[in-house]
Every structure is written in C-alpha cells, then in structure tokens.
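Heads up: the structure comes next, in structure tokens.
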2 protein chains.
Amino acid sequence: MSATDLRGQIDLLLLSVLVAEPAHGYRVIERLRERSEGAFDLTEGTVYPALHRLERSGLLESHWSDDAPRRRRVYAVTQAGRGSLATRRRDWAAFAGAMQAVIAQ
Amino acid sequence: MSATDLRGQIDLLLLSVLVAEPAHGYRVIERLRERSEGAFDLTEGTVYPALHRLERSGLLESHWSDDAPRRRRVYAVTQAGRGSLATRRRDWAAFAGAMQAVIAQ
DNA sequence: CTTTATACCTAGTCTGTCTAGGTATGAGCG
DNA sequence: CGCTCATACCTAGACAGACTAGGTATAAAG
C-alpha cells in the first residue's frame, strides 16, 4: 500500500495513537508505522497539518516540552477529543461493515 | 453515517456492484443503498462523474440501452476492470487491517 | 566536519466528493 | 387533460483534505 488516500480517516488514526499516550508529531509518525506494520508511512506534510487542525478544533491540546534534548510539541487528546474518538470509531466500524457488505457480493 | 467521505473507495464500490451485474447509474445507486442497508446513499453528482472517470480509464464500458422504456446508459466491467477490482479488494483488505491494528490499541 | 536522524513548519497543487443546479420522459391520479 | 412524482441523465463549480516539495535547525555519529 503506497500512498493510500486516507481522507477522512487520519483524524481517527491520530486520535487513536495519542489517546494511548501523548506524543510529538515525529513520534506519532513512528507509532503509526509500527502499529500498522509499515502500512501507514505518513509524511510530515500530512501529519503536521492534521495535528494543527485537530488542535484548532479542540480535540487535541499541545505544549512545548523543554526537558527533551530538542524542541518538541507534545500533543494530548482533550476530553472533547475522547468523545470524538468514540464517535469516529463507531463511524469507522459502520463504514467498514458497509464496505464489506457491498464488496462481498 | 450521513454523507461519509468515501474518497478513494467509490471505485471499489462501483466495480463491486457492476461486476455482479451490468447496470445503469440510477440502478447502481439503488444497489449500493440496498447492499449497504442504507449506509451508502450516494447522490447522482457523486456517482455519475465516478462512472465517467472509470470508463475513461478503461475499467468500465457502456452502451445506451434501447429496449428500456427510457434511455439508460448501461455500464459493464471490462477485463481491465476485473483486474483492477481484484487489486482494489486486496488494497482495501490491507487498509482495513492496518486501520484495525492502529485503532485497537 | 560531514552526514544522518531528529524535529518542526507551510505554501501551493492535486483531485475526488459533493452541492446545486439543469433537462427530459413515463406513470399514476383526479 | 394537467399535475405530481419517480426515473434517468448530466455538469460547472465549490470545497477540503492529502500530498508534494520545499524550507529551518539541532544533536549524534563517524
């Protein structure tokens, strides 16, 4: 799976990774690659704007960590983000189920 | 699931419906609604351009049916379309699997 | 001191989905 | 007959998210 078009699912992926443990952007990319066993190898140009968007809409919050050897913006899921995550999970399950129903003639 | 963003999956849905039986656009919309039990309720503005795009790229072919009471453009999956369908099915399975791996921490 | 990995950012392109219109015919009903 | 509704097609343009392709800067490794 090369550069699959993830439109609409990136938010769910990011929230899923970050609800397990707050992390900075670069780490999120690594986690996605690990958890998906290489399937999701997103570029920074995809992930950073998505993080910014999620923060703007109140689903994530961030702070600059000063203890790390290098500057990092660490993101965490807000309460609203948890609610949204639950909804998105249900939406995904419904979507995947409907896809399956259609493609498995 | 209201108007979910299906970007990237519509082709798979259309090919899946049409490989089972050639059909015209309006019928494809009905089939999708039936098979997905209402989850996929696509508008014509989504489906018609997608059918045209698939025909332009050689995955579908069409002809005007003259026996029907009203003009209909009937689409069928080409040989190339069958190949593409198989690939897209595998891609979808990989994608859904990776999604599951990420969201089920 | 050069390279590599880490870590951030964003302007602009691309493209598919959707909105919001349009045309036209057949069927059912009073 | 006229009216409405379902069928059946189409497309221009808006919209927005994913991606490309750049850029900056520091730490570590060699």
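Chain identifiers are assigned alphabetically (A, B, ...) following the order of the sequence lines, protein sequences preceding nucleic acid strands; residue numbering begins at 1 within each chain. Computed from heavy atoms alone, side chains included, the values below leave out hydrogens, waters and symmetry copies.
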Give a yes/no on whether any side-chain N or O of A/His52 is located under 4.0 angstrom from OP1 or OP2 of C/dT10.
yes

Is the phosphate of D/dA8, meaning OP1 or OP2, less than 4.0 Å from a side-chain N or O of B/Arg72?
yes

note: B/Leu12, atom CG; C/dG16, atom P; distance rounded to Å ~ 15 Å

Is A/Arg70 near enough to C/dA5 that one of its side-chain N or O atoms lies under 4.0 angstrom from OP1 or OP2?
no

How long is the line joining CD of B/Glu55 and P of D/dT11, in whole Å?
12 Å

Quick one: do B/Leu14 and B/Val74 end up in the same hydrophobic cluster if we chain Ile, Leu, Val, Met, Phe, Trp and Tyr together by side-chain heavy atoms under 4.5 Å apart?
no

Once you round it to whole Å, what is the distance between P of C/dT6 and CZ of A/Arg33?
9 Å

Return the value, rounded to whole Å, for the distance between atom CD of A/Glu44 and atom P of C/dG12.
20 Å

Using atom CZ of B/Arg71 as one end and atom C1' of D/dA6 as the other, report the distance to the nearest whole Å.
16 Å

Taking OP1 and OP2 of D/dC10, is either one under 4.0 Å from a side-chain nitrogen or oxygen of B/Tyr48?
no

So, is A/Tyr26 near the phosphate of C/dT6, with a side-chain N or O under 4.0 Å from OP1 or OP2?
yes

What integer distance in Å separates A/Leu6:CG from C/dC14:C1'?
16 Å

On DNA chain D, does the nearest nucleotide to A/Ile10 precede the nearest nucleotide to B/Thr46 from the 5' side, or the other way round? Give the residue.
B/Thr46

Whether A/Glu61 side chain and A/Glu55 backbone form a donor-acceptor pair below 3.5 Å:
no

Whole-Å distance separating the CZ atom of B/Arg27 from the P atom of D/dA6:
15 Å

Taking A/Ser57 for the side chain and A/Arg53 for the main chain, is one N or O donor matched with an acceptor at less than 3.5 Å?
yes

Any chance the side chains of B/Ser65 and B/Arg72 put a donor and an acceptor closer than 3.5 Å?
no

No-hydrogen, no-angle side-chain donor-acceptor test under 3.5 Å, B/Ser84 and B/Thr87:
no

Whole-Å distance, B/Glu30 CD to D/dA8 C1', equals 10 Å

Under 4.0 angstrom, heavy atoms only, what part of the nucleic acid is A/Gly25 near: base, sugar-phosphate, or nothing?
sugar-phosphate

